[in-house]
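Inspection log for the structure reproduced underneath, given as structure tokens.
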Number of protein chains: 2
Amino acid sequence: MPQALFPDVINKLKLFDGLNTEQKGVLLREGRIRWCGQGQYLFHCGDPISHFYVVCSGAMQLLRQTPDGDQITTDVVIAGKTISKTEIFRNAQNRHNVSAVAVEDAVVLEFSAAWLKKAAAESSAIALNILSAISQYAHMIQVEIEHKSTMTAAQQVACFLQRMCLMHDLDPNGFELPYSKTLIASRLGMEPETFSRTLVKLREHGIEVKDSFVRFYDMEQIGNYVCSHCSAVEDCPTHRTLLTGTCVKKDLKA
Amino acid sequence: MPQALFPDVINKLKLFDGLNTEQKGVLLREGRIRWCGQGQYLFHCGDPISHFYVVCSGAMQLLRQTPDGDQITTDVVIAGKTISKTEIFRNAQNRHNVSAVAVEDAVVLEFSAAWLKKAAAESSAIALNILSAISQYAHMIQVEIEHKSTMTAAQQVACFLQRMCLMHDLDPNGFELPYSKTLIASRLGMEPETFSRTLVKLREHGIEVKDSFVRFYDMEQIGNYVCSHCSAVEDCPTHRTLLTGTCVKKDLKA
DNA sequence: CGACACTTTGAAGACGATCAACGCCGGTGG
DNA sequence: CCACCGGCGTTGATCGTCTTCAAAGTGTCG
């Protein structure tokens, strides 16, 4: 019984916002649990899209191989987030355009793609929830494109660390990086070397990183170069300070 | 009567796929026509989101100012495409996060945002059409992020020119650029100078550009560096040759 | 005609990628 | 128990690419 195992994750799913407990129950009965050991693939790029997934614990990396060998990390999906929503509704060749692999032992709830489509077609609440989620996602990557073409590596890292702090609900005054630096660098589309060098520079700008321990020690400075567009991530009182600045490029140029 | 004025554009709208003529008629009666002279803004970044738009003729540029002055072109929307879909369903602050300005005289059909939400809630066909459109869009920008971090300017331009050829239904053996080089450069997130220099280099790789005239003169070479992920853009028999390669970075590295 | 936007070209500079080397750790196997 | 290996992270040196600044040519429009 899925609900019994991961009630928190399931109850917080935005996908089911606006549905009552009974309705959720009916839908969730279709779910099947899958365990993914670290390094195990949930699916590969090019596979037919058969399922929709909710990550219950652990984390999955979405990545794509470019034909000349190097790989791009599209996203790192943590507990409570979903996989394949976008692909399922794309109405294209119906094949995954990314691979999904567990970066740490993970538990995933799996539904058939048809189930999701049916739910969207029959419940306008669900359809609108999905629309909202995909729209937010689209906005996020759009902002990231913008970052890539206008910000230096330091700015991107600073911005990313702050979003990560929000998304993982970590303490801005000190937290451990939730996954490896190599993976973060890949997620940001930069080389591990560049990422490493960048972390050192951030120390002069209100962010201290020692090993995998991060501390925002000068909120005022940080407020100066938080990117205003990033506030698209859900607002949260605890982290409010991280969200109320505008992105001033110059500050990190030095 | 909107339909009378722009029957082609309206009838081809994917948004209404699966609806009969009568249903379309009812929905379209709500539309209001707006003329946008070149340089005129349809809305500004930060404005409350009030409407959903269908471009009937001309082209609109979507752009965002970064706080330190430079501007990013998010997208160039041509006839038959829509504006604000994503923003409307984002369920965030309900404000535009881009500005829309006419790059050439444009005619736009305008619907209230509430109208679109209502249509999506009441018709699962429409909801699924929107889901599909946004998903495709999300995939496209995802691929563009990938391009930005793995491809050189030359590769990006080559790929973009081919997608443009498809989207605008142009003749691969020779066509005029549908808008200015400065705008294209901005759309690609690069400087006009870089873009200009890049076009010269493409001549050695199967693409000739003279002034604003583009010709793909060596399909075989081009096939070698078309990016396979880009085939997400709708397939089209005329342009099939442009879609059947895989993206081999090395070819354009020289 | 003059103002202005667009495009191209040149030269210099900044930034990130790449290659190489090293220290560190955890695991494996002799 | 120690030797060895592989992955990770850091640092240094070098290289290529894109940006930036500058200048000049072209075209359009008032």
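Given the structure is predicted, the values throughout are model-derived calculations rather than measurements. Just so it is clear: chains get the letters A, B, ... in the order the sequence lines come, proteins before strands, and each one is counted from 1.
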d([atom1], [X]; [atom2], [N]) in whole Å:
X       : N       : atom1 : atom2 : value
M190(B) : dT8(C)  : CE    : P     : 14 Å
M151(B) : dG16(D) : CE    : P     : 21 Å
K210(A) : dC24(C) : NZ    : P     : 13 Å
Q155(B) : dG16(D) : CD    : P     : 16 Å
E104(B) : dC6(C)  : CD    : P     : 14 Å
E191(B) : dC15(C) : CD    : P     : 14 Å

**OP:** In plain terms, say whether E144(A) and R163(A) are close enough for a salt bridge, that is, a side-chain N and a carboxylate O under 4.0 Å apart.
**Re:**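 Looking at R163(A) together with E144(A), the answer is yes, because their closest N to O distance falls below 4.0 Å.
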Original post:
Are the side chain of T194(A) and the backbone N or O of M190(A) linked by a donor-acceptor pair below 3.5 Å?
Top reply: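 Checked: no pair found.
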Original post:
Does M151(A) offer a backbone N or O that forms a donor-acceptor pair with the side chain of Q156(A) under 3.5 Å?
Top reply: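 Judged by distance alone, yes, a pair lies under 3.5 Å.
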Subject >> Sub-4.5 Å side-chain heavy-atom contact between L42(B) and V101(B) >> reply: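 Side-chain contact under 4.5 Å: no.
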Original post:
Given R203(A) and E208(A), is the salt bridge (Lys or Arg N to Asp or Glu O under 4.0 Å) satisfied, shown in steps?
Top reply: CA-CA 5 Å; R203(A) 216 158 290 171; E208(A) 186 196 64; 5.5 Å; no
For nucleotides 23-30 of chain D, print each protein N/O atom paired with a nucleotide N/O atom at under 3.5 Å, atom names and distance only.
none

Original post:
Among the nucleotides dG16(C), dC18(D), dA17(C), which one has an atom lying closest to any side-chain atom of A153(A)?
Top reply: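 Closest of the options to the side chain of A153(A): dG16(C).
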Check nucleotides 7-11 of chain D for protein N or O atoms closer than 3.5 Å to its own N or O atoms and list the pairs.
unit_1, atom_1, unit_2, atom_2, d
dG9(D), OP1, K181(A), N, 3.2
dG9(D), OP2, T182(A), N, 2.9
dG9(D), OP2, T182(A), OG1, 2.3
dT10(D), OP1, K181(A), NZ, 2.7
dT10(D), OP2, S196(A), OG, 3.1
dT10(D), O5', S196(A), OG, 3.1

Original post:
Got a sec, which residues hit side chain to side chain contact (heavy atoms under 4.5 Å, CB included) with H51(A), two or more places apart in sequence or on another chain?
Top reply: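 In terms of side chain to side chain contact (heavy atoms under 4.5 Å, CB included), with neighbours along the sequence ignored, H51(A) is linked to Y53(A), E110(A), S112(A).
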**OP:** With rounding to the nearest 0.5 Å, note down the distance linking OG in S149(B) to CD1 in I72(A).
**Re:**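 So the OG of S149(B) and the CD1 of I72(A) are separated by 4.5 Å.
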Original post:
If you look at every heavy atom in S135(B) and I134(A), which pair is closest and at what distance?
Top reply: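 Shortest heavy-atom separation between S135(B) and I134(A) comes out as OG-CD1, 3.6 Å.
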